[in-house]
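Read through the structure below, which is laid out as C-alpha cells, and then see the notes.
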Amino acid sequence: MNLVGISLNHKTSPLELREALHLNREEIISLINRIKSGNFSEGVVISTCNRTELFGFPKDGTIDSDFLIQQLIEFKPVAGIKPEHFNRFFSCGAIKHLFSVASGIDSMVLGDSQILGQVKDAFEISSDLNFSGSISSRIFDTAIKVGRRAIKETTIGEGAVTVSYAAVQVVEKIFANLNKKSALVIGAGETGELAAIHLHDKGIGKIAISNRTISKAEELAAKVHGEIIPFQFLKEHIYNFDIIISATSSENLILTADEIRSAVKKRRGAMMVIMDIAVPRDIDAATREIDGVFYHDMDSLKVIVDQNMQKRREQIPLVEKIIIEEMINFYSWYNALDVVPTIKAMRNFFDDIRMDELNKLKHKISEEDYSKVEDMTKRMIGRLLHNPTVKLREYAETGDNSKEVTTNSLILKELFKLGNNSNNSNQEKETH
Amino acid sequence: MLNTIITINILLPIFYLCSFAVYLYDFLWEKKLLSNAKRIALFLTLLLHLFYLLARTIEYDHPPITSKFEIFSIIAFSICFSYFLLELLTDIRGTGSFILLISLIFQLISSLFVTNNYVVPEVLRNRLLGLHVINALLGYSGITISAVYGLLYMTLYKNIKSNKFGLIFDRLPSLEILERLNYFSAVIGFILLTVAITIGIIWLPAAFPNFSYMDPKLVGTLLVWLVYGYGIIRKTFTDWYGKKVVIFSLVGFVFAIVSLIATNTLAKTFHSFY
C-alpha cells in the first residue's frame with residue numbers, strides 16, 4: 001500500500017510554528033485542490049491548533065512524502081518552517097500513526113477526545129471534494145472506530161487534566177446538584193473563562209462574573225449567561241455564592257480569611273467551595289482552616305491533574321492493543337480484496353470451457369437437446385463452483401484469516417492459470 | 001426442612017462474602033460489567049436469607065428471635081435489606097462494601113453459633129413480639145447504616161480538606177449525597193423505632209406482669225429515639241446541615257450502642273429473653 005503521511009505536531013515543532021501553520025476549512029479545501037491536481041489520487045488534510053497532518057495516495061504508486069511537505073510549505077509559507085519539522089510515514093506506519101492520532105494517544109493533552117471529531121471532519125471535507133476512494137474511506141472509518149473504542153473501552157479520556165477542570169471536579173465531589181448552586185468567577189482571563197465555561201457546561205444554577213475591567217466581565221458573562229458583580233462590591237456579595245473561583249492576575253490578596261469567615265457566618269454554616277487558581281494567590285490560604293470551607297489552590301489542584309495524567313498514561317497499552325486489533329482487521333479486509341477478481345476469473349474460466357464444449361456440440365444435436373445440455377452444463381458448473389465461490393466470498397466479506405485468503409487465491413490462480421484474467425479487475429487495489 | 005435450613009445456614013455467610021467481595025472489587029477497580037452483577041448477587045443473597053428466615057419460622061414454629069444468634073441473622077438481613085432498598089431508590093452503588101461488611105460479620109457469627117430452638121418460652125412465639133422485635137432491629141439497622149454514611153462523609157470531608165485525592169475521593173459519591181443518605185437512613189430508622197416502641201408500649205404491659213415504664217431498656221431506647229427525633233427535627237425545620245448533622249448522627253449512634261450494651265449487660269430488665 002502506498003499511503004504516505006506527514007505530520008507537524010507538538011513533538012516535532014514549537015507552538016508558534018504549529019499555530020502559524022494551522023489551516024482553516026477554506027485553506028484545507030484550497031490545499032486539497034492543489035494536491036489533487038498534482039500527483040495524488042486520494043488524500044485527507046487534518047489541521048488543528050496543535051497539529052497539521054496530510055495523508056494521501058500518490059497516483060504513480062510511489063511513496064514520496066516530500067511532495068506533500070513541499071506543497072504544504074508552498075501553500076502556507078511560515079517563517080522558520082523546515083522539512084525537518086515534519087514526521088514522515090508510509091503504508092502500515094501511516095495507518096498506525098493516524099489511528100494513534102484518532103485515539104488521542106498522540107495528542108499533547110493525552111486522551112484528548114476533540115481530535116476524533118476533527119479527524120472525522122477532515123475526512124468529510126475530502127469526501128465532499130471527491131478526493132477519497134474505497135480504501136481511504138475504509139482507513140478513516142477504521143480510524144474513527146479506533147477513537148470510539150478508545151473512549152468506550154478504556155479510561156484514556158477520563159479525569160480532569162487541566163486545573164480549571166480539576167477545580168470543577170472537586171466541586172462535584174462536594175455538591176450533588178450544581179443546578180441548585182451559585183458560583184462566582186473572579187477574573188475574566190483565560191483561566192477564569194475556562195472555569196466559567198466548565199461550570200456552565202455542568203449546568204450551574206447561577207453564575208456571576210467579577211472583573212476589574214467591566215467590559216471583559218460583560219463579555220464572559222454573555223458567554224455563560226451569567227450576571228456581573230462589580231469588582232468594588234465583590235466582598236459584600238461573596239456570602240451569596242456556594243462556589244468561588246478566583247483567577248485574577250492581582251499581585252495582592254483579594255479576599256482575606258476573615259472576610260471568608262464572616263461570609264460563612266452569614267451563610268449559617270452552609271458549605272462553601274473556594275478555588276484559588278491564580279498565581280500569586282488571590283485568597284488567603286488560611287481560609288482552608290475554616291470549618292465548612294473547602295479551599296484549594298493551584299498546588300492542590302495540580303495533584304489531581306498529575307494523578308489523572310498518570311491514570312491516562314496507564315491506559316496507553318490498552319489503546320495500543322485496540323490500534324493493533326483494528327490494523328489486523330483492516331489488513332485482513334485489504335488482503336481479501338484479491339478474492340473478488342479471483343472468483344470472477346475462475347467463473348469466467350469455467351464458463352469459457354463450457355461454451356467451448358457446447359459450440360462443438362451445437363450442430364450435432366437438435367436445438368431442443370442443445371438447450372437441455374446447455375442448462376445441464378450451467379447447473380453442473382454452478383454446483384461445482386458453488387462451494388469455492390461461497391467460501392472465498394465469506395473470507396472477503398468477513399475479512400478474517402487473510403493468510404488463508406491469499407493462499408487459496410494463489411492456489412486457484414496457479415491451478416487454473418488465472419493470473420492474466422484477473423489482472424484487469426485487480427487494478428483498483430494495485431493503484432494503492 | 002431441617003437439612004435445608006442447615007445447608008442454607010452454611011451457604012448464607014458464603015453468599016454474603018461473595019456479595020461483599022463483588023462490591024469491594026467494584027469499589028477498588030470500578031468495572032462497568034460488575035455494576036449490575038453485584039446488585040444481582042445482593043438480591044440473590046437477600047432472597048436466600050428471606051427463605052432461610054421463613055424456613056426457620058415454619059420448622060421451629062416461632063419467629064427467629066429466640067436467641068442472640070437468630071437475632072444476629074435478622075440484623076444481618078435487615079441491614080442488607082435496608083441498604084438494598086436505599087441503593088434501588090438512590091441508584092448510588094459505590095458504598096455497598098462498607099455496609100455489607102457489617103451484615104457479613106453478623107451472619108457469620110450467627111451461622112457459627114445458632115442452634116435448633118424447638119423449645120422456647122411461650123411469650124417468644126407471640127406474633128406481636130415478632131413484629132416488635134423486627135421493627136426494632138430494622139430501626140437499629142437504619143441508624144447503623146446512617147452511621148456508616150456518616151463515617152464515609154467525615155472521611156471524604158477530611159480527604160478533600162487535606163487535598164487527598166485517592167480512592168475515597170474517586171469512588172465515593174459527593175458529600176451532599178452522603179449527607180442525604182445519612183439523613184434518610186436515620187429517618188427510616190427513626191420511623192421503624194417509633195413503630196417498635198409503639199407496639200412495645202401497647203403489648204408489653206399485657207404480656208409481662210412485672211412490666212415497668214422505668215425499665216432500663218425501655219428508657220434507653222426512648223432516649224435514643226429522643227436523640228434522633230431532636231436531630232431530625234433540627235435538620236428538617238431549622239438550619240442544620242452538613243457536618244453538624246453528620247456528627248450528630250454519629251453521636252446518636254454511639255449513644256444507641258452504649259445504651260444497648262448497658263441495658264443488656266449491666267441493668268436488670270424484664271425485657272431480656274436470652
Side-chain angles (χ1 to χ4, degrees), chain A residues 151-155 158-161 163 166-181 202 242-243 264-276 285 287-311 314-315, chain B residues 26-35 86 89-95 149-150 152-184 231 234-248 250:
Chain A
I151 292 168
K152 203 177 162 197
E153 294 171 28
T154 74
T155 54
E158 285 179 17
V161 285
V163 170
V168 177
Q169 196 186 337
V170 175
V171 167
E172 283 185 307
K173 269 291 160 196
I174 296 163
F175 297 126
N177 285 325
L178 287 188
N179 54 8
K180 288 180 185 161
K181 303 293 167 192
K202 291 279 176 187
D242 304 298
I243 303 152
V264 171
K265 228 176 203 174
K266 281 184 188 169
R267 290 170 60 78
R268 294 176 166 188
M271 288 190 295
M272 199 174 185
V273 182
I274 295 173
M275 298 290 170
D276 188 353
T287 300
R288 68 162 56 96
E289 307 302 331
I290 303 170
D291 207 27
V293 174
F294 296 91
Y295 169 87
H296 293 278
D297 56 17
M298 281 292 256
D299 285 347
S300 59
L301 294 172
K302 193 91 183 11
V303 173
I304 298 182
V305 171
D306 291 345
Q307 281 178 358
N308 288 337
M309 278 307 281
Q310 182 53 33
K311 281 180 196 163
E314 285 163 11
Q315 295 294 305
Chain B
D26 190 43
F27 180 77
L28 295 175
W29 287 283
E30 212 175 34
K31 298 282 176 205
K32 282 175 190 163
L33 276 174
L34 290 180
S35 188
L86 214 57
L89 289 172
T90 60
D91 203 34
I92 295 160
R93 308 177 188 206
T95 54
Y149 284 124
L152 292 176
Y153 179 99
M154 291 309 292
T155 313
L156 182 61
Y157 182 94
K158 282 200 162 33
N159 272 238
I160 299 176
K161 273 283 231 184
S162 55
N163 302 331
K164 282 182 194 157
F165 304 112
L167 198 64
I168 293 284
F169 179 81
D170 280 347
R171 301 285 195 271
L172 286 185
S174 69
L175 284 176
E176 274 193 348
I177 288 177
L178 287 172
E179 184 195 332
R180 222 174 287 161
L181 290 169
N182 165 270
Y183 172 67
F184 284 145
R234 289 300 303 262
K235 159 81 184 161
T236 314
F237 301 106
T238 67
D239 58 352
W240 269 30
Y241 32 66
K243 201 174 149 193
K244 203 186 269 181
V245 177
V246 169
I247 290 176
F248 194 83
L250 287 171

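Chain identifiers are assigned alphabetically (A, B, ...) following the order of the sequence lines, protein sequences preceding nucleic acid strands; residue numbering begins at 1 within each chain. Heavy-atom basis, side chains included; hydrogens, waters and symmetry copies ignored.
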Is the number of heavy atoms from other residues, nucleotides or ligands within 6.0 Å of NZ (B/K161) greater than 12? yes
Minimal non-hydrogen separation, B/S174 against A/E172, with atom names: CB-O, 3.4 Å
Quiz question: by atom type and distance under 3.5 Å, do the side chains of B/N163 and A/Y295 form a donor-acceptor pair? no
So how far is it from B/K244 NZ to A/D291 CG, rounded to the nearest 0.5 Å? 10.0 Å
Ignoring hydrogens and angles, tell me if any N or O in the side chain of B/Y241 forms a donor-acceptor pair with the backbone of A/M271 under 3.5 Å. no
For A/K311, is it the side chain, the backbone, both, or neither that has a heavy atom closer than 4.5 Å to a heavy atom of chain B? side chain
Contact between B/L175 and A/F294 at the side-chain level, heavy atoms closer than 4.5 Å - yes or no? yes
Between A/H296 and B/F165, what is the ring plane arrangement, given parallel below 30°, perpendicular above 60°, and tilted in between? tilted
Taking salt bridge (Lys or Arg N to Asp or Glu O under 4.0 Å) as the criterion, tell me which of A/K180, A/K181, A/K173 meets it with B/E176. A/K181
Below 4.5 Å from any heavy atom of chain A, which atoms of B/K243 appear? Answer side chain, backbone, both or neither. side chain
Considering only heavy atoms and a distance below 4.5 Å, find which of B/I177, B/L156, B/I160 pairs most often with chain A. B/I160
Applying side-chain contact (heavy atoms from CB on, under 4.5 Å) to A/V170 and B/F169, what does each step give before you reach the verdict? CA-CA 9 Å; A/V170 175; B/F169 179 81; 4.1 Å; yes
